Amino acid sequence: MGLQEQKRHFSVNLLEWYMINRRDLPWRRHNNPYFTWVSEIMLQQTRVDTVIPYFNRFIGNFPTVQALAEAPEEEVLKNWEGLGYYSRARNLQAAAKQVMELHGGEMPQDKQSVFALKGVGPYTAGAILSIAFNQPQPAVDGNVMRVLSRYFLIDEDIMKGSTRVLMEELAGELIPEGRARDFNQALMELGALVCTPKAPHCLTCPVMEQCSGRIAGRELTLPVKTKAKPPRPEQRLVALVEGRGAHRGRVLVRQRPETGLLARMWELPHVLAAPAAAGKAAAPLADEPAMALLAGSLWAEGFAARPEGLATHAEHVFSHIVWSLQVYKCTEQDQSSELPLIAAEARAAYDAQAASQAEAAPAAESSASTAARAAQEALTGKGDGLTYQWIGPEDMEKLAFPNVFLKLLRNYFAGAYDEATE
DNA sequence: AAATCGGGGAT
DNA sequence: ATCCCAGATTT
């Protein structure tokens, strides 16, 4: 059997299978290029089942490119809350403004213009052009690389950029005349439903007969993929500061910087407790030094608070970092004469910790120096631009929080930490 | 080429 | 625990 025949067998049988087995998904119900675009951005590194409710709400709130372009950014971010990779949301809105200004609010149909949209890379450009406009462009994602590497027995490491290019050439050749829209989705559908990573359902696969990987008994060892580096552990101390007086019933939160991790998301104030030794678990810090460090950190940011005790632990796993959080319930302090003394002691503990971090772990120098600079700037009145705010339960509806802080705050407002420390 | 950027579901 | 998901962007 020749390669050309193997390719034709694949395309014909896969397409036939898809027309019978395609899932009914919200973004497949209308041929709306904007819907296709939004769905493809949401689906980056995210499962279909996770995306569905987010997609429906997002389209309900921002039904057109114009509506998205004109919405307040915080509202867009709030609609993305919990979905992760938040730069996708900001890039999507920035791109909506691009579409308004450069293309009169209509999705462009040429490859150059689509690819030029923020947040649209090789995969998403191909997906939009093929699914929305039925153009014969390949859309190679993780599913497609897995399916093709198995069917054609391709041993190249799919983590390499050159492999993706190779796969795109192959995927482009496989598209049946005039059927790009259905075929590209069929390829991904097969990867999601049948040709799965761990235990592929070869017996129900429409192209099993000519699958080179399966014939060679390699279906479980393909695709070849280099392992990702394990995430570095970080021990962090979190402050749940209860307001008093004018802030009674409210909690202190802050907004993260415009760039980097969880950009522009809101969070409980926290500080890095210990530099992460590469590959080793971060050790919890004893309560006494932890509370001193936390009080000093808050004071450096301009807030007087007394840590009362440990409220709870939490963990937050990113692709490249693991946060182990020690959450301390704190109380906002009155303006009293003894306050500066308490704060000064806490500040000393904080500075000592920052200095020891810089000395003991060059790898963590950046974090330590950042903390030290923040403390210095707070003293000199410069500040680093972080926005702080006292919020009540009702404010949770407007501000976007990463899931870990969302859960902590909901638990707090539900009274979950009342008993533990009082 | 390697690192950064979330969160969760499946195994 | 480990993998990896309809990846893009920055370094």
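Proteins get letters first, then strands, A, B, ... in listed order; numbering begins at 1 in each. This structure is a prediction, so every number in the text was calculated from the model and none was measured.
In this structure, the nucleotide among C/dA6, B/dG6, C/dC3 sitting nearest to the side chain of A/Leu261 is B/dG6. Taking the side chain of A/Pro197 as heavy atoms from C-beta on, and the options C/dA6, C/dC5, B/dG6, the nearest nucleotide is C/dC5. Checked against C/dC4, B/dG7, C/dA6, the side chain of A/Lys225 finds its nearest nucleotide in C/dC4. When distances run from any side-chain atom of A/Leu25 to the nucleotides B/dG7, B/dT4, C/dA6, the shortest one goes to C/dA6.
As judged by a 4.0 angstrom heavy-atom cut-off over every strand, A/Ile41 is placed among residues making no nucleic acid contact. Residue A/Arg23 is in base contact, counting any heavy-atom pair closer than 4.0 Å across all strands shown.
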Show each protein N/O and nucleotides 7-11 of chain C N/O combination with a separation under 3.5 Å, one pair to a line.
residue	atom	partner	partner atom	Å
C/dG7	OP1	A/Gly142	N	3.3
C/dG7	OP2	A/Leu43	O	3.4
C/dG7	OP2	A/Gln45	N	2.6
C/dG7	O5'	A/Gln45	N	3.4
C/dA8	OP1	A/Gly121	N	2.9
C/dA8	OP1	A/Gly121	O	3.4
C/dA8	OP1	A/Thr124	N	2.9
C/dA8	OP1	A/Thr124	OG1	2.8
C/dA8	OP2	A/Tyr123	N	3.4
C/dT9	OP1	A/Gly119	N	2.5

Could you run down the sub-3.5 Å N/O contacts of the protein with nucleotides 9-11 of chain B?
none

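Spacing between atom CH2 of A/Trp80 and atom C1' of B/dG7 amounts to 13 Å, rounded to whole angstrom units.
Between A/His320 and B/dT4, a side-chain N or O to OP1/OP2 separation shorter than 4.0 Å is absent.
Ring-plane geometry between A/Phe318 and A/Trp323 is classed as perpendicular, the angle between the planes exceeding 60 degrees on a 0 to 90 degree scale with a lower cut at 30.
The pair A/Asp24-A/Arg29 meets the salt-bridge criterion, with a side-chain N (NZ, NE, NH1 or NH2) lying under 4.0 Å from an Asp/Glu carboxylate O.
In this structure, A/Arg146 contributes its side chain and A/Cys195 its backbone to a donor-acceptor pair below 3.5 Å.
For residues 90-106 of chain A, no pair satisfies salt bridge (charged side-chain N to carboxylate O under 4.0 Å, His left out), with sequence neighbours left out.
Comparing A/Gly84 and A/Lys160 along DNA chain B, the residue whose closest nucleotide (by nearest heavy atom) sits nearer the 5' end is A/Lys160.
More than 12 non-hydrogen atoms from other residues, nucleotides or ligands lie less than 6.0 angstrom from CD of A/Glu394. Atom CD of A/Glu258 is surrounded by 12 or fewer heavy atoms from other residues, nucleotides or ligands within 6.0 Å.
Of the N and O atoms on the side chains of A/Gln44 and A/Glu40, not one donor lies less than 3.5 Å from an acceptor on the other residue.
Within residues 173-189 of chain A, the residues that have a heavy atom under 4.0 Å from DNA chain C are, in order of number, A/Met188.
With sequence neighbours left out, the side-chain contact (heavy atoms from CB on, under 4.5 Å) criterion links A/Glu173 to A/Lys7, A/Leu170. Residues meeting the side-chain contact (heavy atoms from CB on, under 4.5 Å) test with A/Leu25, sequence neighbours left out: A/Arg23, A/Trp27, A/Arg28, A/Val48, A/Ile52.
Here the rule is side chain to side chain donor-acceptor pair (under 3.5 Å) with A/His270, and of A/Gln326, A/Arg236, A/Glu234 only A/Arg236 fits it.
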